Amino acid sequence: MAATGRTRVDVGGIVQGVGFRPFVYRLASRHRLGGWVRNTGHGVEIEVEGTDAARTAFCRALTEEAPPLAVISSVQTRELAPEGEEGFRILASESQASGAVVAEIPPDCDVCDDCLVELFDPANRRYHYPFINCTNCGPRFSIITGVPYDRPATTMAPFAMCPECLREYHDPADRRFHAQPNACPVCGPRLRLLSPDGAELEGDPVARAAAALRAGAVVAVKGTGGFHLAVDAGSAPAVAELRRRKKRDEKPFALMAPDLEAVRSFAHCSDAEGRLLSGVERPIVLLRKREGAPVSPLVAPGNGWFGVMLPSTPLQHLLLRCGPIPLVMTSGNVSDEPIIHRDAVALRRLTGIADLYLTHDREIHTRSDDSILRFMHGEPLLLRRSRGYVPRVLPLPAPQPSVLALGAELKGAVCLTRGKDAVLSQHLGDLKNPAALAGLEEAVAHLRRLLEVAPTLVAHDLHPDYLSSRLAQDMDLPKLAVQHHHAHLAACMADNRLDGETIGVIFDGTGYGPDGTVWGGEFLVGGYAGYTRAGHLSRVGMPGGDAAVREPYRMALSWLYRIHGAALFDRPHPLVDLVAPQQQSLFLAMLEKGINTPQTSSCGRLFDAVAALIGLRTSVHYEGQAAMELEALAEAGRSFAPYPYRIDGDPCFEVDFLPCLAAIDDDLAQGRSRADIARTFHRTVAEAVRASCGRIAAATGLTRVVLSGGVFQNRLLTEEVSELLQEGGLEVFRHRFVPPNDGGIALGQAAIAGYRAGVNGR
Ligand code: ZN
Ligand code: ZN
Ligand code: FE
């Protein structure tokens, strides 16, 4: 018999809130080790017991295969006397100071390997049972209705456990010891297949749904946080039909495949991307398309990337065993409303969209969309933080009075703090309609209930007309309006646990400026205490206001007006023809007199203008589409010497891209490659950022730069900016745990408000 022993492992670094304990559990199970893992005040403590070879392999894999968001700074091991422990357990956190157990609300977790083996074992009593779970996996946040986290405070409350399930639940040696959602075919939830009129169909629901998918049907499938709409991704007619029914013209659909091997048949997937895909959070990861992949081009038109995920629920595993591969799995919602999570609502709102409903009687209490990430410079970046990540705690730089932050408008999310912990809600969609506002209020109430704190202050965006700002006005709490880009800066600082002052490069689409103009290309200096605007992109008109967001050609004409003045419509240009001759004088008057033409320094609008100018996209179907396509085009191009631009003004400087836009227009006239132009434009913006930050660094002595705002979802730009700043001796911080877009903004508002509340409370 091989030598056995017990090893104590202390892991330091960023190892909490990154899915480390479930990862350790799976690693220990794989190596057949007994023992336990728990969070401490310093990091993660592990004890493993088993053969020498297994313990050695475990310790090696601990760092080599760690979750992508973890940063391990130290691993210390010590040999202990064996205790004969066989099973592996995740223990509750022990607070070092008091010895008290910290109340934690776990995120939803994909089905673990042990449960998967049972799911497909014909001899197991849970063979093909779609609600199989254990202490180490299964639904959590989505089914929790209150605290403490116990079965009565979940949507499993109506299901009484059978004697066999109860025995597991009460047996400390069982993998299902205190597994709150524990269930089996005898006592637990039941799967159903419904027709659009709500009638239950006969036969095996999974087999029938799979057959319908193979025949081109649209099937609504209840997932962890809400309904997905599934179709066969390989069938162009099926995907086209889904687009027609959903009235979604171009926005990419996510794909689901059973395993990494299947993923690699249609997308490029590195080891790191593979680890992220297979992590317990099961997010959507953006992967580069493989040429000639057997996936309909209608899945993600005009885009070099697929959003891909692996199955996270037993039901999805079952469906992918017999359905077409890959499946389109897109959120079951109407336009930008929150994902639908209740059966009755799904039957009503998805009328005319879904042909069948694969659903069940375990209710989803809290909805959440799929999370989305992409890799930049080999590091994962969250584009949407939701299922699997929420409600993991985000540690703030310092303890602060409890505050509530309501975010902005697009990509809504709220943040509640307790001591040093910030909890950011799931993605709530665009807060532009009553349904979304109701979702926001619900999320606030639920977080307050779960964290058991009463905030002392509510923070909101400076924009008075956002629904989130209005909700703040209705609350019986002191209020703090936070400027949008200041919140972005603070979000990126808090995300990196920075204190003091930094340089902030904040590039996004829109934010309310205190001077009444639309900001969005900002160079700020500051921290949680306050900020100054050190510089910004030069302002241009947005002819037609919001119409200029939907129709980027308006932004391009605005720049051409700056170049050519009133002669704008006298010159032959493809864009000029987009404005009907009888409308041209009106358009010109708008620009000349500023009628319905707000001024903006937005970097998002600059990218829109360039995309339209080179004829890539003159109107968009969704926010950020033009910029995304410009990035995709630039990836195929070569970078030449940057275009000219100007930096003027003191103390607040302006970065003017007028010479750049004029040069691009000339290049187009000379027939230069649009891909090369797009690439060189990216390079030019990066150069301008380097010059601007160099200027600020020289004046202030600051050397740390944070990058935030939706424009930094652009991989090409973010990588070039990071490289140039680092070459210039500056330290660059990007987002880690929250998105650079407005989905992360509530964290920044909370950090600023908490700082303010702390100062006032002293
Ligand atoms: Zn499990
Ligand atoms: Zn049972
Ligand atoms: Fe923003």
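Just so we're clear, the structure is a prediction, and the values are computed from it rather than from any experiment. In each ligand, atom 1 is the first atom listed, and ligand 1 is the first ligand listed. Just so it is clear, the values below take in all heavy atoms, side chains as well, and ignore hydrogens, waters and symmetry mates.
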Notebook entry, point to check: Does a side chain donor of either H682 or N714 reach within less than 3.5 Å of an acceptor in the other side chain?
Noted result: yes

Next item on the list: Have a look at the Zn ion (ligand 1) and estimate, to 10 degrees, the angle subtended by SG (C137) and SG (C115).
Entry: 110°

Check: Can you give the angle C162 SG - the Zn ion (ligand 2) - C165 SG, rounded to 10°?
Finding: 110°

Next item on the list: State whether a side-chain donor-acceptor pair under 3.5 Å links D370 with H427.
Entry: no

Next item on the list: Restricting to N/O/S, name the atom of D508 that gets closest to the Fe ion (ligand 3).
Entry: OD2

Next item on the list: Could you tell me whether the side chain of V24 reaches within less than 4.5 Å of the side chain of F58, counting heavy atoms only?
Entry: yes

Margin query: Tell me if a side-chain donor or acceptor on E551 pairs with a main-chain N or O of R554 at a distance below 3.5 Å.
Written below: no

Checklist line | T135 and H178 side chains, donor-acceptor separation under 3.5 Å | finding: no

Notebook entry, point to check: Side chain of S692, backbone of A688: donor and acceptor closer than 3.5 Å?
Noted result: yes

Note to self: Test of geometry: compute the angle NE2(H484)-the Fe ion (ligand 3)-OD1(D742) and round it to 10°.
What the structure shows: 100°

Checklist line | H488 backbone or side-chain N/O/S under 2.8 Å from the Fe ion (ligand 3) | finding: yes

Note to self: For the metal site, I want the angle between atom SG of C112 and atom SG of C134 with the Zn ion (ligand 1) at the apex, to 10°.
What the structure shows: 110°

Notebook entry, point to check: With the Zn ion (ligand 2) at the apex, how many degrees lie between SG of C184 and SG of C187, rounded to 10 degrees?
Noted result: 110°

